[in-house]
K.L.:
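Quick one: this structure, given as structure tokens, is what I'll be asking you about.
What you see is a predicted model, and the numbers here were worked out from it, not measured in a lab.
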Amino acid sequence: MPEISIVIPCRNEAANLPLLLDEIGTAMAGRDFEVIVVDDGSTDDTPSVLAAEAALRRFPLRHLRHEKSAGQSLSVRSGAWAARGDIVATIDGDGQNDPGYIPVLIDALRQAGPDVGAAQGQRLKRRDSKIKQLASRFANGLRKAILHDETRDTGCGLKAIHTDILRKLPFFDGTHRFVPALVIQEGYRVIHCDVVDRSRRYGKSNYGIFDRGLQGVLDLAGVWWLRRRRRRMPKVEEIRHG
């Protein structure tokens with residue numbers, strides 16, 4: 001069984017996947033890992049590209065496919081439940097996340113101790129458009145003020161999370177933007193690692209700005225309610241007698 005499962009949620013990223021898989025193989029050399037690509041209802045050549053790549057790779061490359069697009073968060077959920085590793089590392093499929101930071105996040109999580117549940121990447125030198133950066137900055141500031149998760153950038157696709165903890169989190173269309181707050185709710189700490197963003201190589205973003213603005217506000221209200229109504233999870237220890 002692999003120690004690490006790298007989950008790549010993607011939709012119509014056939015042109016970006018081969019180079020991304022090359023980079024993952026280089027970054028993870030000498031480690032025991034698998035890659036799970038969650039094809040979120042792609043309409044491009046993603047299936048044929050992954051079939052060809054699976055025959056070439058020295059590491060296990062698994063292809064999960066959603067019949068129709070369900071969104072990034074539910075793609076991560078599908079990957080989390082299919083994962084065979086003790087740690088799930090996530091990375092976006094568009095190539096903007098540098099795979100070189102995956103081992104950095106994994107090692108930071110392992111070295112942090114049992115009270116830390118996740119290592120969250122935080123982007124520097126964002127390559128998105130100015131309007132997308134401003135929208136993201138506003139959303140992150142509002143979320144941080146309300147949820148107090150002490151995270152500057154929850155939208156970064158680079159994360160490393162203990163698999164059993166990730167599977168405990170509530171999943172909805174938007175979970176990936178609230179992972180630190182939800183991990184804290186489970187009674188664990190979150191650590192942060194700065195990562196450098198890159199430009200997209202091919203294609204265009206499948207995730208807009210204004211089309212999910214209202215939904216993001218509703219999600220924030222929902223997570224705030226969840227944290228208010230649910231007690232922080234206690235550590236459970238079995239006491240043996242006799």
Side-chain angles (χ1 to χ4, degrees), residues 1-7 9 27-28 30-34 36 72-73 76-92 97-124 140-172 174-195 219-220 222-241:
M1 302 294 285
E3 296 178 0
I4 301 153
S5 296
I6 299 174
V7 173
M28 297 295 291
R31 298 178 186 245
D32 186 12
F33 71 100
E34 65 177 356
I36 303 173
Q72 186 172 354
S73 292
V76 171
R77 178 186 188 274
S78 295
W81 281 101
R84 296 179 296 189
D86 293 332
I87 292 176
V88 168
T90 65
I91 184 170
D92 291 346
N97 297 153
D98 185 345
Y101 290 104
I102 295 177
V104 173
L105 289 163
I106 291 168
D107 291 345
L109 179 60
R110 282 177 167 165
Q111 294 166 11
D115 64 325
V116 173
Q120 168 73 51
Q122 298 191 129
R123 290 167 289 187
L124 301 172
N140 277 307
L142 181 63
R143 187 211 67 257
K144 185 177 178 181
I146 293 176
L147 299 182
H148 305 289
D149 58 9
E150 301 306 318
T151 301
R152 186 180 73 243
D153 176 21
T154 62
C156 179
L158 283 164
K159 299 176 176 67
I161 313 167
H162 292 293
T163 305
D164 59 336
I165 296 174
L166 180 57
R167 290 174 177 170
K168 292 177 184 177
L169 304 185
F171 279 96
F172 51 89
T175 297
H176 67 283
R177 293 189 290 272
F178 298 97
V179 165
L182 295 172
V183 168
I184 291 170
Q185 179 63 35
E186 291 295 327
Y188 298 92
R189 292 193 301 112
V190 175
I191 58 174
H192 304 90
C193 299
D194 286 339
V195 303
D219 290 344
L220 177 58
V223 174
W224 174 84
W225 178 89
L226 178 65
R227 296 193 69 187
R228 291 274 295 180
R229 297 300 299 165
R230 183 180 178 187
R231 289 181 178 272
R232 186 167 177 174
M233 299 302 292
K235 300 293 185 183
V236 179
E237 178 184 2
E238 181 178 358
I239 309 299
R240 298 185 181 275
H241 302 284

K.L.:
Can you check whether P180's main-chain N or O pairs, donor with acceptor, with Q120's side chain at less than 3.5 Å?
P.N.:
no

K.L.:
Taking the side chain as C-beta and beyond, is there a heavy-atom pair between W81 and T163 under 4.5 Å?
P.N.:
no

K.L.:
Checking T175 side chain against P170 main chain: does a donor-acceptor pair fall under 3.5 Å?
P.N.:
yes

K.L.:
Give, for atom CG of L169 and atom CG of L182, the distance between the pair rounded to the nearest 0.5 Å.
P.N.:
5.5 Å

K.L.:
Is there a side-chain contact between D115 and Y188, using heavy atoms and a 4.5 Å cut-off?
P.N.:
no

K.L.:
Test salt bridge (Lys or Arg N to Asp or Glu O under 4.0 Å) on E3 and R84 and set out the steps.
P.N.:
CA-CA 8 Å; E3 296 178 0; R84 296 179 296 189; over 6 Å; no

K.L.:
Roughly how far, to the nearest 0.5 Å, is CD of E186 from NZ of K168?
P.N.:
6.0 Å

K.L.:
Check whether any side-chain heavy atom of Q72 sits under 4.5 Å from a side-chain heavy atom of P9, and report yes or no.
P.N.:
yes

K.L.:
Is there a side-chain contact between V179 and K159 (heavy atoms, below 4.5 Å)?
P.N.:
yes

K.L.:
What are the two closest non-hydrogen atoms of G85 and E34, and how far apart are they?
P.N.:
N-OE2, 4.0 Å

K.L.:
Taking the side chain as everything from C-beta on, heavy atoms only, tell me whether V190 gets closer than 4.5 Å to I184.
P.N.:
yes

K.L.:
Judged by atom type as modelled, is there a donor-acceptor pair below 3.5 Å linking the side chain of S5 to the main-chain atoms of A83?
P.N.:
no

K.L.:
Do D32 and M1 come close enough that some side-chain heavy atom pair is under 4.5 Å?
P.N.:
no

K.L.:
Which pair of heavy atoms, one from R189 and one from A112, lies closest together, and at what distance?
P.N.:
NH2-O, 4.3 Å

K.L.:
Taking the side chain as every heavy atom from C-beta outward, state whether D86 and H162 have any atom pair closer than 4.5 Å.
P.N.:
no

K.L.:
For residues 98-109, run the donor-acceptor check on the side chains, cut-off 3.5 Å, and write out each pair with its distance to 0.1 Å, sequence neighbours left out.
P.N.:
| from | atom 1 | to | atom 2 | distance (Å) |
| --- | --- | --- | --- | --- |
| D98 | OD1 | G100 | N | 2.9 |
| Y101 | OH | V196 | N | 3.3 |
| D107 | OD1 | R31 | NH1 | 3.0 |
| D107 | OD1 | R31 | NH2 | 3.4 |
| D107 | OD2 | R31 | NH2 | 2.9 |

K.L.:
Mind checking whether H176 and R77 have side chains closer than 4.5 Å, heavy atoms only?
P.N.:
no

K.L.:
Working to the nearest 0.5 Å, report the span between CZ of R123 and SG of C156.
P.N.:
5.0 Å

K.L.:
What is the distance from atom CZ of R167 to atom CD1 of I161, rounded to the nearest 0.5 Å?
P.N.:
12.0 Å

K.L.:
Between the side chain of N97 and the main-chain N/O of I91, is any donor-acceptor distance below 3.5 Å?
P.N.:
no

K.L.:
Kindly compute the distance separating CD1 (I87) from CG (L166), expressed to the nearest 0.5 Å.
P.N.:
11.5 Å

